[in-house]
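Counting starts at 1 for both ligands and their atoms, following the listed order.
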Amino acid sequence: MRTPLLAGNWKLNCTRDEARALAQAIVDGSKNATDREVMIAPTFVSLDVVADVVAGSNVGLGAQDVYWEASGAFTGEVSAPMLKDARCTHAIIGHSERRQFFGETDYTVARKVAAAVENDLSPVVCVGESLDQREAGTTMGVIEKQIAGGLCELPAEHYPKLVIAYEPVWAIGTGKVATPDQAEDVHAHIRKLLETVLTPAAASATRILYGGSVKPDNVDELMTRPNVDGALVGGASLKADDFLRIVNFAS
Ligand code: PEP
């Protein structure tokens, strides 16, 4: 009942020409994937070229971040109305790299989520524990705080737009993937949390993606778990063949 979403986070990669070519290959290879959704998130400067390529296809366009003010003296930021104008459909918010290197907090996540939904963008809200937190046994507590804090300004009428990405920090870009059972445990916990943070109906409708070293050879098994509704893919989304294999996971 939840349409799988396979999303590629290109991070700080690709010139505009490279972005155009990669997007074209992904659009071409996703044509028959009609029972699932695809989204790609290039850098801000490549949004327009990728928007031209994905126009009219079943591939959505994501921004890797968004600022909560609409305009003004906020040097370096890009706002939600601007992303909408650039034809974005999604915005990744609270990625662990932004939390780790750019001071993102649950408070800034909450403000960005509110700005995104008010501008008709689906927020892909990232949560996940560090290796130290996992080893200390505090994973669920960390996730609870990130979910409650990050969603506290999400109005009920926008619950249907929400996507969550569970990305254990220790699995991002490390080649160390969470086992399907580890992912399922946390996803099931997140869904339970959403029952109280949102509503039971919204909890069962919200897609929860797994992210962290998703590759062609592990996607099929991850996707067998009942609460894994898709993937947020970094490294493997930069190679068209690998990403398309993930998009076309065996269902
Ligand atoms: C990510 O950046 O969201 C990610 C999951 O990266 P990777 O797939 O490279 O681990």
*Polar side-chain atom of R134 near backbone of E129 as donor-acceptor pair, under 3.5 Å*: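 No; judged by distance alone, with no hydrogens or angles, the pair does not exist.
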*So, does R207 use its side chain to make a donor-acceptor pair with the main chain of R2 at under 3.5 Å?*
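Side chain of R207 to backbone of R2, a donor-acceptor pair under 3.5 Å: no, none is there.
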Closer than 4.0 Å to some heavy atom of [X] - which atoms of ligand 1 meet that?
X	answer
A171	10 (O)
G173	7 (P), 9 (O), 10 (O)
G235	7 (P), 8 (O), 9 (O)
G212	5 (C), 10 (O)
N9	2 (O), 3 (O)

_With a 4.0 Å cut-off on N to O distance, would you call R20 and D52 a salt bridge?_
no
Could you check [atom] against the protein and tell me its nearest heavy-atom contact, residue, atom and distance included?
atom	result
atom 3 (O) of ligand 1	E167 OE2, 2.7 Å
atom 1 (C) of ligand 1	H95 NE2, 3.2 Å
atom 8 (O) of ligand 1	G234 N, 2.8 Å

*asked:* Is it the case that the side chains of R36 and S251 hold a donor-acceptor pair, with the cut-off being a distance below 3.5 Å and no angle test?
replied: yes
*Measure C126 to ligand 1 on non-hydrogen atoms and call it side chain, backbone, both or neither using the 4.0 Å cut-off.*
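Near ligand 1, C126 shows nothing, with every heavy atom at 4.0 Å or more.
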_Please classify the I172 to ligand 1 contact at 4.0 Å (heavy-atom distances, strictly less than): side chain, backbone, both or neither._
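Both of them.
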*Could an N or O of ligand 1 be found under 3.5 Å from any N or O of S213, whether backbone or side chain?*
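So ligand 1 has an N or O lying under 3.5 Å from an N or O of S213.
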*Do K11 and ligand 1 have an N or O pair less than 3.5 Å apart?*
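Yes - when backbone and side-chain N and O of K11 are compared with those of ligand 1, one distance drops under 3.5 Å.
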*Going by the salt bridge (Lys or Arg N to Asp or Glu O under 4.0 Å) test, which pairs reach into residues 137-150, not counting sequence neighbours?*
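For residues 137-150, and leaving out neighbouring residues, the salt bridge (Lys or Arg N to Asp or Glu O under 4.0 Å) pairs sorted by first residue read D106-K145.
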*Sequence neighbours left out, what pairs pass side chain to side chain donor-acceptor pair (under 3.5 Å) with at least one residue falling in residues 70-86?*
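Applying side chain to side chain donor-acceptor pair (under 3.5 Å) to every pair that reaches into residues 70-86, excluding sequence neighbours, yields K84-D120.
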*Pairwise side-chain contact, E37 with N58, heavy-atom cut-off 4.5 Å (strictly under)*: no
_Is there a side-chain contact between F243 and V38 in this structure, where contact means two heavy atoms from C-beta onward sitting under 4.5 Å apart?_
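They are in contact (side-chain heavy atoms under 4.5 Å apart), so the answer is yes.
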